[in-house]
Amino acid sequence: MTKELQIYNTLTRKKEVFEPINAPLVGMYVCGPTVYSDVHLGNCRTFISFDLIYRYLSHLGYNVRYVRNITDAGHLEGDRDEGDDKFAKKAKLEQLEPMEIVQKYTLGFHDVMRIFNTLSPSIEPTATGHISEQIEMIKEIISNGYAYEKEGTVYFDVEKYSKEYNYGQLTNRKLEDLLEGTRVLGGQDEKKGRLDFALWIKAKAETLMQWPSPWGWGFPGWHIECSAMSTKYLGETFDIHGGGMDLQATHHSNEIAQSQACNHTVPVKYWMHTNMLTVNGVRMSKSAGNGFLPGELFTGNHPLLERGYSPMVVRFFMAQSHYRSTLDFSNEALQASEKGFQKLMKAGETLNKLITNAESTVNIKELKEKCYTAMNDDFNSPILIAHLFDAVRIINLINDGSEKINQSDLDELKSIYNTFVFDVLGFKKEDSESTSNDLTGELIDMVLNLRLDAKKNKDFATSDKIRDALTEKGVKIKDTKDGFDWEL
Ligand code: AMP
Ligand code: ZN
């Protein structure tokens, strides 16, 4: 029996049955990119993971409103409350307007998301488009007594909030431990408490992006945009909030605090966090300088890459690890993914040519159950892929006559294959270059099937002749118990 969908909730640190607040409606908010530079492959991992989650929830029949913001203001260097704005710094460097930076990298981000075949979110709100909502929320937090103004900057009062709520709930840490881990305030610091963070930041004369507010000219802090925009589009309490694990301790803990201090409700039912893409065990990040750009991966133009890989091969590489596990980049893993992806695509074509029988010798119902069980277990895509490889094996056995399938089972098998490979995992067939690769592959398959027939007829002279001719052309042939395998 397929179990109902279970989601690992970071807030409770366990898997829970997914019960939407207002089924069949589901509200999902994911922290989007800070558009001051190109997205790297690590960022893509998080967005591709949530694309898979969005696709599966939609497949289950939920009507998902997926909100993924664009951070185009307020994100300071080092994710702290002081220092330069990331956009202003880049604007100076590239001699552009901050909004030119935002436009350039937003378009680049959309291009990358399209290349990876991710679905567009339902709403993609920007921080600069929601300044008044953020100001209103800050006003409410002040009037509820959880924030204070100092010289045109507004801070959230973490200690005051902690008297009624649990500030460390998302990371399961006590306030005292969090305080211990934070640096001591300098004499000139305006904050009352060490953990206090800015909701609104006073602009300097030279600040490029600033807006009027009840506290003077300034700009919003990074965290308030997500609280304001998620409340606006999904309500005071919504179903799923996601982002990378690196956002959990500060950005998401602050989001919970702001929303609770404003609305007096728990903002999110299920918190979901994706684990990091690493390079030699080190988290891929802009600051560590170990980030590949997707374009470098496609062309192979990077010192760590032996060659290029297609977007769907990269997507396959990502889907082969669970979203809560770290994923370490390697050439070997990508090469294995390439083979895996091609095998899956090839099986799809074979599937379309299968011939039916009066009776079936294969268990398609069991295969279907297994696929749903894998995805219902906290979106376990690597297990799903393992089951799809069982499907590939079944398809090849039917194709070579070792197994039989009747019409209704074949219809079911096609439906499972198309649902999980294309709709849920989000793969697509690749362009003309791979079409010619596909044709080459099909021709090799055809010749090797002729060789198999020759062997069955004990015509070893022909079978050896075919093998030698293909070997000469660089095709490595392996005889297997199901027939054959080959690679170029
Ligand atoms: P940023 O543009 O830095 O605000 O990040 C956008 C998203 O990418 C956030 O959800 C981050 O948590 C996520 N992210 C950043 N680095 C990585 C990484 N190495 N692996 C996976 N996700 C990441
Ligand atoms: Zn956010």
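Just so you know, ligand 1 is whichever comes first in the structure, and atom 1 is the first atom listed for that ligand.
Interface atoms of ligand 1 facing L277, defined by a heavy-atom separation under 4.0 Å, are 18 (C), 19 (N), 20 (N), 21 (C). Ligand-side atoms of ligand 1 in range of G244: 10 (O), 12 (O), range being under 4.0 angstrom from any heavy atom. Within ligand 1, counting atoms from 1 as listed, the ones closer than 4.0 Å to a heavy atom of T46 are 10 (O), 13 (C), 21 (C), 22 (N), 23 (C). Atoms of ligand 1 lying under 4.0 Å from at least one heavy atom of P33, given by number and element, are 2 (O). Near F47, the atoms of ligand 1 lying under 4.0 angstrom from a non-hydrogen atom of the residue are 6 (C), 7 (C). With ligand atoms numbered from 1 in the order given, ligand 1 contributes 15 (C), 16 (N), 19 (N) to contacts under 4.0 Å with heavy atoms of R283. The atoms of ligand 1 that sit less than 4.0 Å from any heavy atom of K286 are 2 (O).
Salt bridge R55/D423: absent, no basic N to carboxylate O contact under 4.0 Å. For the pair R114 and D111, the salt-bridge criterion is met [side-chain N within less than 4.0 Å of a carboxylate O]. Salt bridge K286/D38: absent, no basic N to carboxylate O contact under 4.0 Å. The existence of a salt bridge linking D377 and K3 is excluded, since no basic side-chain nitrogen approaches an acidic carboxylate oxygen closer than 4.0 Å. Ion pairing of K104 with E94 is present here, as a side-chain N (NZ or NE/NH1/NH2) and a carboxylate O approach within less than 4.0 Å.
Scanning all protein heavy atoms for the shortest distance to atom 5 (O) of ligand 1 gives N43 ND2, 3.3 Å. With hydrogens left out, the protein atom closest to atom 23 (C) of ligand 1 is G42 O, 3.4 Å, a heavy atom. If you check which protein heavy atom lies closest to atom 19 (N) of ligand 1, you get M284 O, 2.7 Å.
For the ring pair (Phe, Tyr, Trp, His ring centres under 6.0 Å) condition, no pair includes a residue of residues 86-106, sequence neighbours left out.
Contacts between M245 and ligand 1, counted as non-hydrogen atom pairs separated by less than 4.0 Å, are absent for every part of the residue. In L247, the part holding a heavy atom less than 4.0 Å from any atom of ligand 1 is the side chain. The side chain of D246, and not its backbone, has at least one atom closer than 4.0 Å to an atom of ligand 1 (non-hydrogen atoms only; side chain from C-beta on).
By heavy-atom distance, the residue among L41, T34, I70 lying nearest atom 2 (O) of ligand 1 is T34.
Aromatic pair F298/Y309: centroids not less than 6.0 angstrom apart. Here the two rings, on H252 and H223, have centers that are 6.0 Å apart or farther. Taking the six-membered ring for Trp, F420 and Y372 have ring centres closer than 6.0 Å.
Within the protein, the N, O or S atoms sitting under 2.8 Å from the Zn ion (ligand 2) are C31 SG, C226 SG, H251 NE2.
The shortest separation from a heavy atom of N275 to ligand 1 is under 4.0 Å, placing the residue in contact.
Between the side chain of Q210 and the backbone N or O of T207, at least one donor-acceptor pair lies under 3.5 Å.
For the pair R68 and F47, the cation-pi test (distance below 6.0 Å, angle within 45°) is passed. A cation-pi arrangement is not found for K14 relative to Y8, the charged atom failing to lie both closer than 6.0 Å to the ring centre and inside a 45° cone about the ring normal.
Checking L179, D157, L178, L175 one by one against S162, the side chain to side chain contact (heavy atoms under 4.5 Å, CB included) holds for a single residue, L175.
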